Amino acid sequence: MTTGEAATRLALSPRALHRWARAGLVTPAFREPDGRDLWDVEDLRDQVTALPARFSAATAVRDPGTSVPRPGPDAPAG
């Protein structure tokens, strides 16, 4: 699947996924001759989950259809 589709499935931004691929943090399943990356979403989910915690989106990988709670106004700054 395309970068945009994979990002949507994992609740990530396509931009983050592009940056991580350029940095070698995640590896696409296939790179087309024109440079577009194609992803296996389950393999990508495993790769993103294994990223260091400093990549905040890595901790937010979730199944589609679930929501990510947002901190309320009284939540401590992180």
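These numbers come from the heavy atoms of this one structure, side chains and all, not from hydrogens, waters or symmetry mates. This is a predicted model, so every value here is computed, not measured.
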How about W39 and T2: do any of their side-chain heavy atoms sit closer than 4.5 Å?
-> no
Residue pair M1 / V41, side-chain heavy-atom distance below 4.5 Å | yes
Quick note, salt bridge (charged side-chain N to carboxylate O under 4.0 Å, His left out) partners involving residues 26-39, not counting sequence neighbours, are R31-D37, E32-R36, D34-R36
From CG (L38) to CZ (F30), nearest 0.5 Å = 7.0 Å
From L51 CG over to D46 CG, what is the distance, rounded to the nearest 0.5 angstrom?
-> 11.0 Å
With sequence neighbours excluded, residues passing side-chain hydrogen bond (donor to acceptor under 3.5 Å, both in side chains) with T27 | none
For R19, enumerate each residue passing the side-chain hydrogen bond (donor to acceptor under 3.5 Å, both in side chains) test, keeping only those at least two apart in sequence or located in another chain.
-> none
L17 and L10: side chain to side chain contact (heavy atoms under 4.5 Å, CB included), yes or no, with the steps?
-> CA-CA 10 Å; L17 197 47; L10 297 181; over 6 Å; no
For D40, the side chain to side chain contact (heavy atoms under 4.5 Å, CB included) test, sequence neighbours excluded, returns A29, E42, D43
For G4 and P14, the nearest pair of non-hydrogen atoms, with its separation, is CA-CG, 4.3 Å
